[in-house]
Amino acid sequence: MLRSHTCGELNKTHLGGKVTLCGWVNSMRDHGGVTFFDIRDRYGITQAVCSPEDSADIFEEIKQLRSEWVVRVEGIVSERPAETVNLRIQTGEIEVRVQNLKIMNPSLPLPFELSEAGKTDEILKLKYRYIDIRSPRLNGNLRKRALFSHKVREFLIKENFTDVETPVLTKSTPEGARDFIVPSRLNPGNFYALPQSPQLFKQLLMIGGIDRYFQIAKCFRDEDLRADRQPEFTQIDMEMSFVEEDDVIAVTERMLKYAIEEAFGLEISIPFPRITYDESVSKYGSDTPDMRIPFEYRDLTDIFKNTGIKILKEIIEKRGIIKGFAVAEGGSISLKDIENIDKLVREAGGGGLGWIRFRTDEIQSPFKKLLDAETINKLKPDGKSGNSILFFLGGKPKPVRENLNMIKKAVAGKAFKPQAGIFKFTWVTDFPLFEYDEAEKRLQAVHHPFTSPREEDIPKFKTGPSGMKSRAYDIVLNGIEIGGGSIRINSRQIQEEVFKTIGVEKKVYLERFGFLLEALEYGAPPHGGIAMGLDRLIMLLAGEDSIRDTIAFPKTQKGACPLTNAPGSVEESLLKENKIRVDIPKTE
RNA sequence: GGGGCCGUAGUUCAGCGGUCUAGAAUGCCAGACUGUCGAUCUGGAAGUCGCGGGUUCGAAUCCCGUCGGCCCCGCCA
């Protein structure tokens with residue numbers, strides 16, 4: 001070993017001891033007659049000190065040091081003079097009096113300052129990712145991620161899950177996201193696809209009697225990127241045989257509780273609340289509700305039906321709805337704010353904003369004169385009327401919901417800011433099995449086409465598949481979907497019904513999914529599972545805004561890696577071997 | 001495919017109703033300094049104002065195009 005200790009562990013118990021530290025020079029403080037410098041490694045920072053009395057030669061050599069040089073320092077652990085103790089660092093009570101110095105590698109000045117890394121240009125940070133990784137934030141995120149993954153594995157192995165690797169070179173499937181493809185040299189003109197998830201393989205593992213499978217698996221989807229989407233990402237992928245929804249949900253909850261508590265030191269209480277898809281959309285306007293935000297939508301159509309407010313009456317007569325939500329502590333929302341929100345709604349084409357402010361004994365509202373006491377009473381939010389505001393809109397359900405979501409966002413930014421460190425998990429259940437795809441003019445699987453319908457809905461394949469409910473469940477954390485799963489179809493006949501319903505021709509599904517259909521006929525047990533986005537989970541738990549900050553070497557929004565310059569061109573010979581000709585159309 | 005914001009010393013940013021011989025902070029270099037810890041003080045170097053074109057006597061600044069970054073919509077079974 002080149003070192004006897006790390007830079008984070010020395011304290012008064014080591015006084016007088018001879019130690020050797022290795023690390024990066026963190027900051028030089030040359031006072032002429034005495035020089036201090038900090039050595040940093042991922043464990044911490046230790047101050048080194050040297051004056052000519054220690055050694056004239058070493059003292060001179062230290063003057064050459066610069067930030068980020070890699071050094072090995074040999075010296076004696078000494079007590080700092082009382083007034084110079086630094087309580088902000090772990091090792092602040094001691095310092096190392098340098099007896100020997102080895103410069104292991106000098107460094108150029110860094111292309112950006114570690115302390116500025118938070119706001120440095122993304123492309124520069126990615127080009128020098130290894131420098132960014134030296135920052136405690138990124139370094140810490142990667143270690144938290146590793147610890148979390150370790151705890152997940154530990155838990156699942158204890159619970160009898162078997163970690164199985166599935167292929168990365170696999171087959172393209174027509175449903176779902178765009179595939180990344182890999183040419184096959186041995187089969188010219190044919191391509192592998194990188195897996196969008198190990199979905200089919202894990203189902204086959206169930207048919208193979210593995211019973212409980214998991215994998216921390218890389219997945220690939222060639223779609224446009226977002227702060228929480230990378231072209232390659234990692235899922236905690238699980239599948240279990242002979243289970244129902246509650247079994248998958250329960251083991252997932254226990255796993256998350258264990259891994260989060262162990263890796264992040266947070267307290268997580270289970271079971272997590274559940275909400276049905278329909279209720280979530282109706283109350284929160286979304287199937288990924290953020291349970292930190294307490295505003296619930298209320299249908300006010302019946303209350304307004306018989307009032308003298310003409311605009312609202314007309315909306316209701318045209319089979320529209322009136323819907324709104326109350327802000328309990330609305331004191332910080334000014335008339336000016338309301339005006340701005342109204343402007344937002346109008347700009348989005350949502351008609352006008354209705355609002356009522358409830359004070360202790362009066363109300364304030366553009367409709368004040370048109371509202372009788374009884375109606376006001378009905379509209380009043382439960383109990384609290386100190387200074388609450390009710391916002392509402394009328395119109396067709398979908399735009400009303402969308403505009404309410406917009407208002408909610410605006411109000412949440414004004415009157416309610418979710419605290420950092422609050423984690424609200426929710427299960428969303430009873431998803432529709434299919435949804436209508438406007439662009440393609442056909443039904444599509446909401447979850448994926450291997451999701452089982454509810455038993456009682458099976459006859460609806462014939463009578464009206466759009467009303468079918470699935471056995472799928474999503475898990476949402478603070479308004480962000482972090483995972484989803486379902487009980488799968490284990491009957492060939494139902495699987496074929498689903499393909500037909502979503503408009504996949506028999507020829508196509510036999511070609512693409514024939515192996516699955518066949519497998520379902522060889523004793524496929526009932527099974528189900530879940531997949532969770534590891535990157536997103538770590539992002540939320542670490543308090544980051546982008547999954548890039550949880551991934552060692554992420555890509556830019558255009559899918560590029562400025563460090564390696566991927567993607568790049570390849571040798572002509574390689575194209576030839578793969579029988580590929582590049583043909584980029586010229587766009588004028 | 002579309003919308004928004006951004007691109008100026010190594011870095012973070014100011015300048016953007018045409019006059020800039022482009023500033024600040026920080027970093028860098030040199031010197032001073034025996035208790036600092038974001039050390040301090042003095043001095044210095046440092047810019048293709050993303051790239052291309054246009055308007056103009058004159059463009060970092062106005063216009064067009066283009067490349068790139070970030071956020072969002074579409075897309076993401």
Side-chain angles (χ1 to χ4, degrees), chain A residues 26-40 45-54 59 63 66-68 78 80-89 91-92 95 97 107-128 131-132 173-179 195-197 199-200 219-231 233 348 402 409 431 433-435 437-440 443-451 470 472 481 484 486 498-499 502 504 512-513 531 533 545-546 548 555-560 562 587-588:
Chain A
N26 201 54
S27 105
M28 290 293 303
R29 297 180 295 278
D30 177 355
H31 288 246
V34 60
T35 299
F36 302 92
F37 63 97
D38 294 334
I39 320 177
R40 183 198 74 235
I45 288 179
T46 302
Q47 172 164 285
V49 59
C50 189
S51 64
E53 293 92 77
D54 295 304
F59 181 70
K63 286 189 184 295
R66 292 292 179 271
S67 285
E68 300 303 317
S78 318
R80 292 196 190 193
E83 67 278 11
T84 66
V85 164
N86 183 352
L87 293 174
R88 279 173 300 177
I89 58 173
T91 60
E95 60 193 355
R97 291 217 80 95
S107 169
L108 296 170
L110 299 188
F112 57 91
E113 289 160 58
L114 288 182
S115 58
E116 298 267 343
K119 26 180 189 167
T120 301
D121 180 52
E122 195 73 25
I123 207 161
L124 192 74
K125 281 197 295 183
L126 291 183
K127 183 171 176 194
Y128 298 100
I131 289 168
D132 205 8
T173 52
E175 283 289 306
R178 199 174 291 113
D179 287 314
Q196 297 178 22
S197 82
Q199 182 60 35
L200 296 176
C219 304
F220 307 86
R221 292 177 192 174
D222 186 10
E223 295 294 347
D224 288 359
L225 307 183
R226 291 281 193 283
D228 61 356
R229 268 161 39 190
Q230 283 274 304
F233 61 99
E402 281 165 3
K409 244 186 214 163
F431 276 79
L433 187 59
F434 303 113
E435 70 190 340
D437 184 328
E438 295 286 350
E440 307 227 348
L443 288 178
Q444 260 197 350
V446 169
H447 194 65
H448 58 53
F450 316 106
T451 298
S470 75
E481 181 193 332
S486 63
V498 169
F499 287 139
I502 61 177
V504 183
R512 300 287 171 170
F513 300 113
D545 294 324
S546 167
R548 281 191 300 270
K555 294 185 173 55
T556 68
Q557 202 163 46
K558 286 197 77 184
T587 46
E588 253 84 2

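By convention in this document, chain letters (A, B, ...) are assigned in the order of the sequence lines, proteins followed by strands, and residues within each chain are numbered from 1.
The side chain of A:Q47 places no N or O atom within less than 4.0 Å of a non-bridging phosphate oxygen (OP1 or OP2) of B:U36. A:R66 has a side-chain polar atom (N or O) that falls below the 4.0 Å cut-off from OP1 or OP2 of B:C29. Regarding contacts with the backbone of B:C73, a side-chain N or O of A:R226 is found under 4.0 angstrom from either OP1 or OP2. Within the 4.0 Å cut-off from OP1 or OP2 of B:G68, at least one side-chain nitrogen or oxygen of A:K558 is found. Between B:C37 and A:S27, no contact under 4.0 Å exists linking OP1 or OP2 to a side-chain N or O. Note on A:R229: every side-chain N or O is 4.0 Å or more away from OP1 and OP2 of B:C75. Contact check, A:R548 against B:C71: a side-chain N or O comes under 4.0 Å of OP1 or OP2.
Rounding to whole angstrom units, CG of residue A:D121 and C1' of B:C70 are separated by 9 Å. One atom, CZ of A:F112, and another, P of B:U11, lie 11 Å apart when rounded to the nearest Å. The CE atom of A:M28 sits 14 Å away from the P atom of B:C37 (whole-angstrom rounding). Protein atom CD of A:E113 is 10 Å distant from nucleotide atom P of B:U11, rounded to whole Å. Remark: P of B:U36 and CD1 of A:I89 are 14 Å apart, rounded to the nearest angstrom. The distance between atom CG of A:D228 and atom C1' of B:C70, rounded to the nearest whole Å, is 14 Å. Atom CD1 of A:I45 is separated from atom P of B:A39 by 10 Å (rounded to the nearest Å).
A distance of about 26 Å separates the C1' atoms of B:C64 and B:C73, rounded to the whole Å. Between the C1' atoms of B:G69 and B:A59, the separation comes to 25 Å (whole Å). For the C1' atoms, the distance linking B:G27 with B:A9 amounts to 11 Å, nearest Å. The same atom, C1', is picked in B:C75 and in B:U19; the two are 49 Å apart, to the nearest Å. Annotation: B:G4 and B:U66 have their P atoms spaced 15 Å apart (nearest Å). Separation of the C1' atoms belonging to B:A45 and B:C28 is 9 Å when rounded to the nearest angstrom. When the P atom is used for both B:G15 and B:C72, the distance is 27 Å, rounded to whole Å. Remark: the separation of the P atoms in B:G44 and B:U8 is 26 Å, to the nearest Å.
In this structure, A:D224 does not pair ionically with A:R229, as no charged nitrogen and carboxylate oxygen lie closer than 4.0 Å. Look at A:E113 and A:K119 and you find no salt bridge, because none of the NZ, NE, NH1 or NH2 atoms lies under 4.0 Å from a carboxylate O.
Side-chain contact between A:R40 and A:S67: absent, with no pair of heavy atoms (C-beta onward) separated by less than 4.5 Å.
By the stacking rule of 5.5 Å between ring centres and under 30° between planes, A:H31 stacks on the base of B:A39.
With hydrogens and angles ignored, a donor-acceptor pair closer than 3.5 Å exists between the side chain of A:N86 and the base of B:C37.
Look at B:A25: its Watson-Crick or wobble partner, with both distances under 3.5 angstrom, is B:U11. Pairing partner, B:G68: B:C6, with both Watson-Crick or wobble hydrogen-bond distances short of 3.5 Å. Remark: B:C49 base-pairs with no nucleotide in the shown strands. Criterion, Watson-Crick or G-U wobble with two distances under 3.5 Å. Across the strands present, B:C33 finds no partner; the criterion is a Watson-Crick or G-U wobble pair with both atom distances under 3.5 angstrom. For B:U55, there is no paired base (Watson-Crick or G-U wobble, both distances below 3.5 Å).
Heavy-atom nearest nucleotides on RNA chain B were determined for A:Q196 and for A:P111, and the one closer to the 5' end corresponds to A:P111.
Each of B:U36, B:C76, B:G74 was ranked by its minimum atom distance to the side chain of A:R221; first place goes to B:C76.
Within the nucleic acid shown, A:T556 comes within 4.0 Å of sugar-phosphate atoms alone, with no base atom in reach, counting heavy atoms only.
In this pair, A:F499 and A:F513 present their aromatic rings parallel. The plane angle is below 30°, not in the 30 to 60° band.
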